[in-house]
**Q** 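This is the structure I have questions about; it appears just below.
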Amino acid sequence: MTDEVKNYLMKLINSVDGLLAIAVTDRDGVPLLKGSTEQVPELALRPNFLSTFGTAIEQANKIGFQQSKSFICLYQNYQVVQINKSPVVLTFIADSNTNTGLLLNLEADMNDIINEVSKVVTTT
């Protein structure tokens, strides 16, 4: 990952109080880009955790829901916001008291990066 992209991700992380990490992954949870603070739980950035979005979409489709755009999971100390930007998934990991709306608004700030990464994912 280039320093420019990593610096941009860290700038976004620092722009929202309580945001601990941003990850861009493929549908299987393999990280393509990520930025994080030291406070993020180590297990939250592993592919087996990040792949839960794809699994949840499959299960939701089986029970008749249409294609999901995002999932928001709230835990005791953390929240995870995952956004479908097919063919990639955008994941924000934050403290439980972080403003979820601010996290969702970061999607627009990341459109250029997402579009570039999506080109690579679809061509390989």
**Q** Do Val24 and Met110 have side chains that approach each other closer than 4.5 Å (heavy atoms only, starting at C-beta)?
**A** yes
**Q** Taking the side chain as everything from C-beta on, heavy atoms only, tell me whether Leu50 gets closer than 4.5 Å to Pro31.
**A** yes
**Q** Can you name the nearest heavy-atom pair linking Leu19 to Ile13, along with the distance?
**A** O-CG2, 3.3 Å
**Q** Below 4.5 Å, heavy atoms only, C-beta onward: do Val5 and Leu33 meet side chain to side chain?
**A** yes
**Q** Can Leu43 be reached from Phe71 by stepping across I, L, V, M, F, W or Y side chains whose heavy atoms are under 4.5 Å apart?
**A** no
**Q** Mind checking whether Leu106 and Ser15 have side chains closer than 4.5 Å, heavy atoms only?
**A** yes
**Q** Measuring from Thr37:OG1 to Ile22:CD1, what's the distance to the nearest 0.5 Å?
**A** 10.5 Å
**Q** Please report the interatomic distance CG(Asn97) to CG(Asn77), rounded to the nearest 0.5 Å.
**A** 9.5 Å
**Q** So do the side chains of Thr98 and Asp17 get within less than 4.5 Å of each other, counting heavy atoms only?
**A** no
**Q** Decide yes or no for Ile113 and Val117: does some side-chain heavy atom of the first lie under 4.5 Å from some side-chain heavy atom of the second?
**A** yes
**Q** What closest approach, in Å, do Val88 and Ser118 show between heavy atoms, and which atom pair accounts for it?
**A** CG2-OG, 3.8 Å
**Q** Atom CG of residue position Asn105 - does it have more than 12 heavy atoms of other residues, nucleotides or ligands inside 6.0 Å?
**A** yes
**Q** Taking C-beta and beyond as the side chain, do Leu20 and Glu38 meet within less than 4.5 Å on heavy atoms?
**A** no
**Q** Measuring from Ile114:CD1 to Leu32:CG, what's the distance to the nearest 0.5 Å?
**A** 9.0 Å
**Q** Would you please say whether a donor-acceptor pair under 3.5 Å links the side chains of Thr100 and Gln79?
**A** yes
**Q** Do Asn115 and Lys85 get their side chains close enough for a donor-acceptor pair, meaning under 3.5 Å?
**A** no
